[in-house]
Amino acid sequence: TEPSTEASAGASTEASGEASTEASSDAEPAGDFTPAADLEIPAGKTPLSLPVDQAAEEPIKIATIMVQNNPFGAAVLVGQNWAKEALADRNCTVDCQSVEDFDPQKWASIIENDIAAGYDAICFFGISEALQPVTDKGVEAGILMYTFNTEPGNNSKRQAYYGQSGTYGGEECGKKLEELMGGEGKYAIITGDFTVLGHEERRLGARSILDANDKLELVAEVENNDKAEEAYTQTQNILTANPDLKGLYVTAGGPSGAAKALEDMGLQDQVMLVCHDVLEETAPYIASGTIKGCMDQDPFNQGAQPVIDAFNQLVAGEGPKEEVNWYEGVMATPDTVKELFPELF
Amino acid sequence: MRNQTGTELAARKSGTFKKLMAKPEMTALVALIALFVIMCILRPATFPTTTNIFVIIRQFSLNAILAVGMGLIIITTGIDLSVGSVIAASAAFGTYFARATDYALPGIVVLLLILGMGTAFGLANGLLVSKVGLPPFIATLGMMSVGQGVALLITNGSPIRYEPTWISVFGGGYIGPVPVTVIVMAVIVVIGFIFANNTMTGRNIYAVGNSAPAAKLSGINVDKILTLVYVIEGFLAGVCALLLVGQMNSADPSFGKGYELDVIAAAVIGGISMTGGEGNILGVVVGAALMGILKNMFTQLAVSGYWQTVILGLIIIGAVALDSVRKKRAAR
Amino acid sequence: MRNQTGTELAARKSGTFKKLMAKPEMTALVALIALFVIMCILRPATFPTTTNIFVIIRQFSLNAILAVGMGLIIITTGIDLSVGSVIAASAAFGTYFARATDYALPGIVVLLLILGMGTAFGLANGLLVSKVGLPPFIATLGMMSVGQGVALLITNGSPIRYEPTWISVFGGGYIGPVPVTVIVMAVIVVIGFIFANNTMTGRNIYAVGNSAPAAKLSGINVDKILTLVYVIEGFLAGVCALLLVGQMNSADPSFGKGYELDVIAAAVIGGISMTGGEGNILGVVVGAALMGILKNMFTQLAVSGYWQTVILGLIIIGAVALDSVRKKRAAR
Amino acid sequence: MSKELICKLNGISKIFPGVRALDNVSFDIYSGEVHAVVGENGAGKSTLMNILSGVYPADEGTVEFEGKPVLFREPKEAQLAGIAMIHQELSLAPHMTAAENVYVGRMPKKGLFIDKVKMYRDTQAFLDELGIDYISPNAIVKNLSVSEQQLLEIVKAMSFRSKMLIMDEPTASLTEGEIKFLLKIVDDLRRSGVAILYISHKLEEIMEIADKITVLRDGKHIETRERKDMDEQTMINLMVGREFDQSAHREFMSGYETRKPILEVEHLSDVRGRVNDVSFKLYEGEVLGLTGLVGAGRSELLETIFGAHLRKAGTIKLGGKEVRIKDTEDAINYGIALIPEGRKIQGLFLKMSVEDNMTMVYLKRLKSTLGLLNKNKVKGIADEYVKKLNVKTPSLQQCVNNLSGGNQQKTIVARWLMNGPKILFMDEPTHGIDIGAKSEIYRIIDDLAKQGVSIILLSSEMPEVLSLCDRIMVMHHGELRGVLGHDEADQVKIMSYTLDSAANDTKEGQTA
Ligand SMILES: Nc1ncnc2c1ncn2[C@@H]1O[C@H](COP(=O)(O)OP(=O)(O)OP(=O)(O)O)[C@@H](O)[C@H]1O
Ligand SMILES: Nc1ncnc2c1ncn2[C@@H]1O[C@H](COP(=O)(O)OP(=O)(O)OP(=O)(O)O)[C@@H](O)[C@H]1O
Ligand SMILES: [Mg+2]
Ligand SMILES: [Mg+2]
C-alpha cells in the first residue's frame with residue numbers, strides 16, 4: 001500500500017480549489033450561514049475540504065472520536081473543532097468525543113454507543129484491526145463511517161480514509177535517519193507502545209529501511225508510552241549505555257523529552273534525532289536544530305476533512321474525492337520548519 | 001477495621017424497606033435507576049430503545065463477568081490487578097496456535113487453550129498469594145506485567161486475526177435481540193451468586209474473608225480457598241478473552257488494558273466491602289451497570305471527553321461515599 | 001492479618017547480622033547490590049561511570065520521593081492511586097497561570113501554585129478517607145480520574161511551555177556532578193525518615209496503622225493523622241510536578257501517568273508492609289533504586305522490549321517473595 | 001457412667017522461636033470427666049490444647065487417642081477423630097449468621113448445594129437444647145453481644161458431638177449468671193460421657209466443676225490431682241511455684257460528707273443510645289466499682305466520658321467546674337486515663353515495641369526541640385516503668401505481641417501511669433490474666449488510691465469489685481441502677497439490681 005504521491009497531492013489541491021469555486025458560484029443565500037469563502041481559517045492551516053454552501057434540511061449529527069491527552073490528539077481536535085464551528089450554522093452538530101487510551105474494547109463501545117445514539121456520520125481514528133466488526137456494523141446501519149490516521153483493518157467497509165500510512169511515515173523517517181547518519185553507526189528507537197498498531201507500523205516501517213543497511217546497528221528499542229518524561233529517561237539510559245550513538249528515532253508521542261535530554265547532555269550535534277508531528281511541543285526543538293527531521297501528517301486535516309466531507313456527502317452527495325485520501329506529509333527540518341509552519345513561531 | 005459496624009444493626013430495627021435500603025449495593029441501584037430515568041427524559045428517542053439498552057448491557061457484560069470473580073477475591077480481602085493483561089495473554093495464546101496451524105486447529109481446542117491460559121494465570125496468582133504468602137496487590141501487580149509481556153511476545157505486537165463462525169457468534173452473535181455476550185454474562189452472574197450463597201465452598205470464601213485464622217481453626221483449607229478465587233478470576237478472564245476475540249475477530253495485545261481498576265470499582269460500588277468478608281455477588285452487576293450506563297450517557301449527551309474523566313471520578317466517589325458515611329456514623 | 005508475625009522475634013535471637021538480614025527491606029538491598037555487581041562485570045565501560053550512576057539515581061528520584069509519602073500512607077493501611085494524575089494536574093495548574101499572564105507571574109507564585117494544587121488534591125484524598133470514611137482505594141481511584149480530567153481541561157490536551165531559569169535549574173540543574181533532583185530526593189528522604197522515627201506525629205502514624213481504635217483511645221486524632229499522610233503525598237506530588245516541569249520545561253497532561261503502581265511497588269519492595277503499621281522509610285529508597293536500576297540495565301544489556309515487561313513483573317514478585325516466604329514460615 | 005482412658009499425652013514438647021512453650025508434658029484424660037488445666041499466663045495451656053486439636057504439631061512426644069497413636073496435621077483431622085475445641089480468642093465470622101458459624105466448613109449438603117433448611121433447623125435445635133433460644137440462627141454474629149457470641153462458640157463446639165471437648169477460658173467474658181449456666185451445660189456433657197478439658201483463671205470455678213486438676217508451670221507438668229485432694233491455696237502455690245499470699249485488703253474510704261467530688265457526671269446519654277441519663281460522682285482517692293451484666297453499657301459509659309463517643313446530653317464537671325470534652329485528647333489533657341477492655345484491638349499497638357507502646361501518650365508531655373523526640377528521655381521513662389511495674393520483657397525493643405497477657409496489660413497500665421492521671425478508668429483490667437499478675441494489678445490500684453488518684457474499676461468479677469471498691473455502681477441496659485457502699489454491698493444485692501424487674505425504685509439509691 002504505497003500512497004501515490006500525485007493522487008494525494010492532486011486530491012488536496014483539487015479539493016480546496018474546487019470547494020472554493022463552488023462556494024463562490026453557489027452564492028445564493030440558502031440560510032443564515034457563513035459561506036465557505038468567508039470562513040475563518042486558523043493561521044497556517046489549509047483545509048483540504050470546505051463545506052458546501054447549503055444548510056441541512058433535517059438536523060445532522062456527526063460524531064468524531066480521538067485519543068485525548070497527547071499533543072497530536074489536541075492538534076487533531078483543532079481541526080475537528082474548526083469543522084464543528086464551520087458546520088454549526090448549517091444545521092449540523094458535531095460532537096467531539098475522546099478516549100483516554102488505545103484499548104480497542106473502549107473504542108468499540110464508544111462507536112457502538114454512537115451507532116445507537118443515531119449519529120449520521122462517525123469520523124474516528126481507526127486505532128486497530130479490532131475495530132473492523134464495529135465499523136462494518138455502522139456501515140450496515142447506514143451510517144457514514146469515515147476513518148483517519150489508521151485503517152481499522154485491511155478490508156473493513158468504512159467508506160473513506162484520511163491520513164498518512166504508518167508504514168510510509170516510518171519508512172520516510174528511516175530514510176531520513178539513514179541519510180543524517182551518513183549511512184553508518186549506532187541508532188536506537190523509542191516507540192510509543194508495542195501494543196498500538198500505528199506505532200508498530202512506523203517502527204517496522206523504519207526498520208525495513210534501516211535493517212537493509214549492514215552498517216547501521218540497532219542498539220535499543222524501548223517504550224515510552226507516549227510520555228515525554230519517559231522519553232527523556234530512556235534517552236539518557238540509551239546514551240550512557242552507548243555513548244557513541246549516532247541516531248535516534250522516536251515513533252510516537254513525547255519526542256520533546258528525547259530532544260530535551262540530548263540538549264541537557266550536550267549531544268544534540270552528535271545524535272541525529274528524527275520523529276513525527278510538527279507541533280507546539282516539537283517546533284522549538286526543530287528550530288533549534290536538535291530535532292533534525294520531523295515528519296508531519298497534517299493533523300488539522302485529519303480532524304477537519306472527514307467531518308466536512310461527511311457533511312457534504314449527507315446534504316449534497318458530494319463526499320470524499322477518493323476512498324483513500326493519503327496525506328503525503330512533509331519532513332520538516334531545522335531549515336524549513338519556520339517556512340512550512342509559520343503559525344508555530 | 002474502621003468501617004464495618006452497625007449498618008445491619010440499624011437495619012434490624014426498622015422495617016423491611018429500611019433494611020433493604022441499608023444494603024450497601026442499594027446506593028448504586030438507586031443511582032442507576034435515577035440515571036436511567038433522567039436519560040429517558042433527556043433523550044427519549046435514542047436512549048430507551050431496545051438496541052441501545054442491549055448495547056449498554058453488552059458493554060458492561062465483560063466488566064460484570066470479571067467483577068463476579070473480583071468480588072469473590074475482594075471478599076477474601078484480596079485484589080487482582082492482573083485481570084486485564086491475563087485477557088490479552090489468553091486471547092493471544094489461543095489464536096496464536098490457531099494461526100500457527102493455518103487455522104486448522106479445531107475450534108474447541110482454541111477455546112480450551114484460551115480458557116486454559118486464563119486459568120493458568122489465575123493459578124499462578126493464587127499460589128503466589130496462598131503458598132508464597134505475597135500480598136495480593138504485589139503478586140497480581142507482578143503478574144500484570146508478566147501477562148502483558150507474554151501477550152506481546154506471542155503476538156509480536158500486532159493483532160492476530162481469528163474469525164471462524166463459532167467464535168464470532170460467541171462474541172458478537174445475537175439470540176433474538178439479545179447479544180450472546182449478555183447471555184453469557186447472565187449465566188455467569190447467576191452461577192456466581194448461587195456458588196457464593198448456596199455452596200459450601202462459597203460460604204467458606206466468606207469465612208476466610210471474615211478471619212483466615214478462625215477459618216483455619218474451623219477446618220477450612222484456607223490456602224485452597226485463596227487459590228480457588230484467583231483461579232476463578234483467571235478462568236473468567238479467559239471467558240472474556242473469548243468474547244473479545246469473538247467480537248473483534250482478532251486478538252490484540254492491548255485487550256483488557258486498564259480493566260482492573262474498572263472491575264474493582266464495579267465490585268466495590270456494587271457493595272463488596274474492601275475490608276473483606278461481606279458483600280453480595282448480585283451487587284457487582286449493579287456496580288458494572290452503573291459504570292456502563294455512565295459511558296453511554298456521556299455519548300448520548302455528548303459530554304466532552306475531558307469532563308467525562310472528571311465526572312466518572314466523582315461518580316465513583318459519590319456512589320460509595322453515601323454508604324461509607326452511614327457506616328462511619330454508625331460506628332461513632 | 002495473614003502476614004505479620006515473627007520476623008522481629010526470629011531476628012532477636014541471633015546475631016546482629018542475622019537480625020539485619022531479617023529486615024524486609026534487606027531482600028531488596030541484596031538484590032540491588034547483586035544487580036549492581038553483575039552490571040559492573042557485564043558492562044565495565046559504560047555502567048559504573050559517575051554519569052551513569054547519577055543518571056540512574058536521577059531517574060528513580062521521583063519514584064523515591066513519592067514512595068516516601070506512599071510509605072507513610074501504606075503504614076496507615078491506606079493506598080494512593082491518584083499520585084500520578086495529581087502530578088499532571090499540579091504541573092498544568094501552575095504553568096497555566098504563568099502562560100495566562102504571559103509569563104509575568106513571579107516564579108515563587110508559580111511554585112506555590114504547583115505545590116498548592118498538589119497539596120489540595122492530597123487534602124481532598126485525606127478528607128475522603130478520614131471524614132467520609134471511603135476505602136482509600138476507592139477515594140484515590142476517583143481522585144485519579146478527577147486529577148486526570150483537571151489536567152486535560154487546563155492544558156487542553158497539549159503541553160504548556162514554561163522555561164524560566166529557576167525552574168530549569170530545579171529540575172535539570174547540577175551541583176558539581178550531582179543533579180539537583182537527586183539532592184531534592186535525598187533531602188526529602190532524610191526528612192521523611194526523621195519525621196517517621198523521631199517525631200511524635202511520625203510515631204502516631206505507625207500507631208494508627210497498628211490499630212486505629214487503640215490510637216483513638218490514646219488521645220491520637222486519628223482523622224487528622226489519616227488526612228495528614230495524604231496531604232504529605234499530595235505535597236510531594238507537587239514537588240515532583242515542579243521537578244518534571246523543570247526538567248522538560250513544559251507541563252504535559254500525560255505527566256505521571258501510571259506512576260502509582262511503580263510507587264506502590266517501590267514502597268512494598270522496600271519493606272513497607274501492606275497490612276500496615278510497620279516499615280522503614282529508608283527502605284523505600286532501596287525499592288525505588290531497584291526498580292530504577294532495572295530500566296537502565298535493560299538498556300545497557302539491550303534486552304528486548306517485550307521481555308523487559310516480563311522480567312520487571314518477575315522481579316517485583318521475586319523481591320517481595322523471599323520476605324513473604326520467611327514470614328509465612330515464621331507464622332506456622 | 002464408666003470412666004475410660006480416652007487420651008494419653010506422652011512427653012509433649014513444643015518450642016517456639018525463643019520460647020520453650022511445652023517441656024515433656026505427660027498426663028491422661030478420661031471420658032466422663034472434667035479435667036481442669038491451670039497455670040499462669042504463658043504456662044503453655046493453650047499451646048497444649050492447640051496441639052491436641054491439630055492447630056500445631058508437637059515437636060516431641062506423642063498423643064494417643066482412644067488407644068491409637070494419632071498425629072493431627074489440621075484442625076479438621078482432630079474434629080473428625082472426635083476432638084472439638086473452643087478457642088481462647090473468639091473465632092467466629094462476624095459477617096455471617098449464627099447457623100453458618102456453627103456449621104462453617106461442614107455445612108449439610110443436598111446435592112451440590114447447602115441444605116439451608118436443615119442447617120437452620122438443626123442450629124435452632126441445638127440452641128433450644130441448651131436453652132439459649134433467644135439467639136436466632138439467622139442473626140448476624142457481629143450484632144450479638146460478646147456473651148452471646150461466647151455461647152454460640154459453645155453451641156458450635158457441642159454440635160460436633162465430639163468425644164473430647166476442649167474449652168480454653170470459655171467464661172472469660174461471661175457474667176456470674178451465665179457462668180452458672182455454662183457450668184450446668186458442662187456438667188450435662190460430663191454425664192453423657194464426654195471428656196472435657198477445661199481451662200480457666202477463675203479458680204472458684206475450677207473448684208466447683210473439675211474432677212481432676214492438672215497444673216502447668218513454665219511449660220512443665222507439675223501435678224495432676226483429683227479435685228478432692230486439692231484446695232485453692234495449694235493450687236495457687238503449685239501454679240506460682242512458691243507460697244503465695246493474696247490476702248491483701250484495702251482500707252476503705254469513709255467520711256464522704258466532708259470530701260469533695262473530683263468528677264461529677266450529670267444526665268449523660270450517648271448518641272447511639274447505649275448510655276441513658278447516667279449521673280454519678282467520683283471522689284478524690286476513691287475506688288469506684290462499676291459492674292453489671294456484660295453489655296450493660298459500662299464500657300460505653302466510660303468511653304463516652306472519655307470523649308471517644310459522641311455525647312447526646314449531659315454535663316461533666318471536674319473539680320466542680322464544668323468541662324467540655326470533645327475528644328480523647330481533651331480527656332487526657334484534663335488528667336483522665338482509660339485502660340480499655342479489648343487489649344488486642346483497643347489497647348495495644350501489636351507491631352510496635354514495648355517502649356513505643358508504653359510512651360505513646362507520654363510523648364505529648366515531652367518538651368522537644370524542633371519537634372524531635374528526645375529518645376534518651378523516652379527510653380529512660382520506659383525503663384523506669386518496666387522496673388516499677390515489674391514488666392517481664394527481654395528488652396524495651398521487644399515487640400509487644402510477644403509478651404504474655406499479663407505483661408501486655410502492665411504495659412498499658414504503664415502507658416497511663418506515666419502521665420500522672422488524676423482520674424483513672426480501668427475496664428476489665430484483670431480480664432484473662434493469671435493470679436500473680438492480678439494481685440499485682442490490685443496492688444497498683446491500692447497504691448494509686450493511696451496517692452490520691454481516683455479510680456473507676458469496671459469489672460464483671462464480683463469478688464474483685466467487692467474486695468477493692470469503696471462504692472459500687474450497678475448498670476443495666478444503659479441505666480445506672482444504683483450505688484452501694486462497700487459495707488452494704490454483697491453479691492445478692494448487686495445481682496438484684498441487674499434483674500429486669502428491679503426497675504426504678506433503686507435508681508435514686510445512694511447517688512450522693
Ligand atoms: N505462635 C507463637 N509464637 C511464638 N511464641 C508463642 C506462640 N504461641 C505461644 N507462644 C509462647 O508460648 C508460651 C505459652 O503460651 P500459651 O498461649 O500456651 O500460654 P497459656 O498458658 O495459654 O497462657 P494464657 O493463660 O495467657 O492464655 C508463651 O510464652 C507464649 O508467649
Ligand atoms: N460495635 C458495636 N456494634 C453493635 N453493638 C455494640 C457494639 N459495641 C457494643 N455494642 C452493644 O452495646 C451494648 C453496650 O455495650 P458495652 O460494651 O458498653 O457494654 P459493657 O457493659 O461494657 O459490657 P462489656 O462488659 O462486654 O464491656 C451491648 O448490648 C453491646 O452488645
Ligand atoms: Mg491461653
Ligand atoms: Mg465493656
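Per chain, numbering begins at 1; letters A, B, ... match sequence-line order.
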Proximity breakdown for [X] and chain A, heavy-atom pairs closer than 4.5 Å:
{"X": "R43(B)", "result": "neither"}
{"X": "T49(B)", "result": "neither"}
{"X": "T309(B)", "result": "side chain"}
{"X": "N296(B)", "result": "both"}

Could you look at [X] and say if it's the side chain, the backbone, both or neither that has a heavy atom under 4.5 Å from chain B?
{"X": "I111(A)", "value": "neither"}
{"X": "E112(A)", "value": "both"}
{"X": "F194(A)", "value": "both"}

| query | Within residues 131-152 of chain A, which positions have a heavy-atom distance to chain B below 4.5 Å? | reply |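 When heavy atoms of chain B are the reference, residues 131-152 of chain A contributes Q132(A), P133(A), K137(A) within the under-4.5 Å range.
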Determine the option with the most heavy-atom pairs under 4.5 angstrom with chain A, choosing from [options].
{"options": "E163(B), K257(B), Q148(B), R161(B)", "value": "R161(B)"}
{"options": "F47(B), F255(B), Y259(B)", "value": "Y259(B)"}
{"options": "L62(B), D252(B), V245(B), N52(B)", "value": "D252(B)"}

| Between Q59(B) and S109(A), which heavy-atom pair has the shortest distance, and what is it? |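 Between these two residues, the closest heavy atoms are NE2-O, 2.9 Å.
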| query | Where do S128(A) and P159(B) come nearest, in terms of heavy atoms and distance? | reply |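 For S128(A) and P159(B), the tightest heavy-atom pair comes out as OG-CG, 4.3 Å.
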Atom pair [atom1]/[atom2] of [X] and [Y] - distance to nearest 0.5 Å:
{"X": "N63(B)", "Y": "Q105(A)", "atom1": "CG", "atom2": "CD", "result": "9.5 Å"}
{"X": "Y119(A)", "Y": "T46(B)", "atom1": "OH", "atom2": "OG1", "result": "8.5 Å"}
{"X": "D95(A)", "Y": "L301(B)", "atom1": "CG", "atom2": "CG", "result": "10.0 Å"}
{"X": "I115(A)", "Y": "T51(B)", "atom1": "CD1", "atom2": "OG1", "result": "11.0 Å"}
{"X": "I127(A)", "Y": "S254(B)", "atom1": "CD1", "atom2": "OG", "result": "6.0 Å"}
{"X": "N113(A)", "Y": "F298(B)", "atom1": "CG", "atom2": "CZ", "result": "11.5 Å"}

| query | Can you find a side-chain donor-acceptor pair between E200(A) and N156(B) that sits under 3.5 Å? | reply |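 Their side chains do not contain a donor-acceptor pair, so the 3.5 Å distance test is not met.
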| said: More than 12 heavy atoms of other residues, nucleotides or ligands under 6.0 Å from CZ of F170(B): yes or no? | reply: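 Yes, the 6.0 Å shell around CZ holds more than 12 heavy atoms from other groups.
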| task | Kindly check if the number of other-residue, nucleotide or ligand heavy atoms within 6.0 Å of CH2 (W166(B)) is above 12? | result |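 Count over threshold, so yes.
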| If you count heavy-atom pairs under 4.5 Å between each of H199(A), R203(A), E129(A) and chain B, which one has the most? |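 Counting heavy-atom pairs under 4.5 Å, the top option is E129(A).
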